[in-house]
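Heads up, the thing below is written out as structure tokens.
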Amino acid sequence: MGAEAPPYTYADLADLALAAPVVLSGTVAKTVRLKGEQAAGVPPGKVRLYVTVTVATLIRGANGIPSTVNYLVDLPLDSRGRPPKLKKAQVILLAAAAQGGDLRLVAPDAQLPWAAEAEATLRAILKEATAADAPPPITGVGSAFHVPGNLPGESETQIFLRTADRRPVSLSVLRRPGAAPGWSVALSEIVDEAAAPPPPASLLWYRLACGLPRTLPYEALAGADPAQAEMIRADYQVVIRQLGPCERSRQRD
């Protein structure tokens, strides 16, 4: 399918899937190279193609989809300066409806080579995203407080997060003597101290790992004395370290 596609991470696929009203897999039936005004703005070393795909599976799409779809895509030329050969290639498209009944890719790289693992990951992301208890996008950190326990070395920190839909989401970090700090996340006003951190490659992990700042904002420490602020920062880093980095391999637009 021309240039080798980059190994997209879970976060890459989540970025694309959550932005796409239409997700489908299919086979390229034909391509037409566009030139002149129809290829205005194409970066050097790339070519604009008008692609027709025969749909195999509609993974997401509230209003259904025709048996064939058309869309534009800009792809790198091969080493000989020729357009990539796409005919009969199996692809996954992440798109939205465009004028004239065509599709519009949600990103320049939202045509993916089909792979069973990629399709399974996209399905899992979309299933979690449409659940009634789907975690909302995290937009920042609101406030935090720290309370020492009754025993030396015992304490609890609660960190309240800002979300896109204003639903309550909070982090709790518990310290117990002789044990490593543990933390949990609550998606409601009720905090379950026995809850486990979200597993990697889950939508809740993605919301936190890719939505939280790497360091605690100063504003979140309003009202805390220096000792409390130090503990809150340390406990926040417990969460950040255990979540791990939000790794992406693609260039987001």
Side-chain angles (χ1 to χ4, degrees), residues 1-28 31-34 38-63 65-66 68-78 83-84 86 89-130 134 136-139 164 201-203 205-207 209-211 245-253:
M1 219 180 90
E4 184 178 352
Y8 282 178
T9 66
Y10 181 92
D12 290 328
L13 294 176
D15 290 340
L16 291 169
L18 297 174
V22 176
V23 182
L24 62 87
S25 66
T27 303
V28 175
T31 63
V32 177
R33 181 174 183 173
L34 302 184
Q38 292 180 313
V42 176
K46 289 191 174 184
V47 61
R48 179 162 296 164
L49 301 176
Y50 185 69
V51 184
T52 299
V53 162
T54 301
V55 177
T57 305
L58 180 62
I59 301 170
R60 181 184 198 183
N63 300 318
I65 204 79
T68 61
V69 295
N70 303 296
Y71 59 96
L72 297 174
V73 64
D74 295 346
L75 294 175
L77 296 165
D78 66 16
L86 293 182
Q90 292 181 289
V91 295
I92 297 174
L93 305 181
L94 301 105
Q99 292 183 349
D102 287 353
L103 294 180
R104 174 183 55 79
L105 298 179
V106 296
D109 57 350
Q111 172 192 281
L112 311 181
W114 183 87
E117 183 178 358
E119 181 171 328
T121 300
L122 289 168
R123 287 182 179 278
I125 291 167
L126 294 171
K127 181 178 180 180
E128 286 193 76
T130 55
I138 304 300
T139 59
S202 66
L203 186 59
W205 171 87
Y206 165 80
R207 293 299 196 198
C210 302
C246 173
E247 294 182 341
R248 291 182 168 104
S249 65
R250 58 183 290 269
Q251 181 66 44
R252 292 191 297 166
D253 297 289

Kindly determine whether Tyr50 and Gln38 satisfy side chain to side chain donor-acceptor pair (under 3.5 Å), including the steps that lead there. CA-CA 10 Å; Tyr50 185 69; Gln38 292 180 313; over 6 Å; no
Would you name the heavy atoms of [X] and [Y] that are closest together and state the gap between them?
X	Y	value
Ala19	Pro21	O-CD, 3.4 Å
Val73	Pro108	CG2-O, 4.1 Å
Arg33	Val47	NE-CG2, 3.2 Å
Leu16	Val106	O-CG2, 4.1 Å
Leu122	Ala17	CD2-CB, 3.7 Å
Pro66	Val55	O-CG2, 3.5 Å

Would you call [X] and [Y] a side-chain contact if the rule is heavy atoms closer than 4.5 Å?
X	Y	value
Val51	Tyr71	yes
Leu24	Ile59	no
Ile65	Leu103	yes
Gln111	Val53	no

Side chain to side chain contact (heavy atoms under 4.5 Å, CB included) evaluation trace for Asp109 with Tyr8: CA-CA 11 Å; Asp109 57 350; Tyr8 282 178; 2.7 Å; yes
Which residues pass the side chain to side chain donor-acceptor pair (under 3.5 Å) test with Tyr10, sequence neighbours left out? none
Of all residues at least two apart in sequence or in a different chain, which pass the side chain to side chain donor-acceptor pair (under 3.5 Å) check with Thr52? Asn70
Quick one: does [X]'s side chain have a donor or acceptor within less than 3.5 Å of a partner on [Y]'s backbone?
X	Y	value
Arg48	Leu72	no
Thr31	Leu49	no
Asp74	Lys46	no
Arg207	Ala134	no
Glu128	Leu203	yes

Inter-residue atom distance [X].[atom1] - [Y].[atom2], 0.5 Å rounding:
X	Y	atom1	atom2	value
Leu13	Leu94	CG	CG	8.0 Å
Leu18	Tyr206	CG	OH	5.5 Å
Leu86	Thr27	CG	OG1	12.0 Å
Asp15	Arg250	CG	CZ	6.0 Å
Asp12	Thr121	CG	OG1	11.5 Å

Would Trp114 and Ile92 count as a side chain to side chain contact (heavy atoms under 4.5 Å, CB included) if you check the C-alpha gap in whole Å, the side-chain angles of each, and the deciding distance to 0.1 Å? CA-CA 5 Å; Trp114 183 87; Ile92 297 174; 3.6 Å; yes
Please report the C-alpha distance between Glu119 and Arg123 in whole Å, then the side-chain angles of each, then the deciding distance to 0.1 Å, and finally whether the side chain to side chain contact (heavy atoms under 4.5 Å, CB included) criterion is met. CA-CA 6 Å; Glu119 181 171 328; Arg123 287 182 179 278; 3.1 Å; yes
Mind checking salt bridge (Lys or Arg N to Asp or Glu O under 4.0 Å) for Arg104 and listing every partner two or more places apart, or none if nothing turns up? none
Show your reasoning for whether side chain to side chain contact (heavy atoms under 4.5 Å, CB included) applies to Leu105 and Leu93. CA-CA 7 Å; Leu105 298 179; Leu93 305 181; 4.3 Å; yes
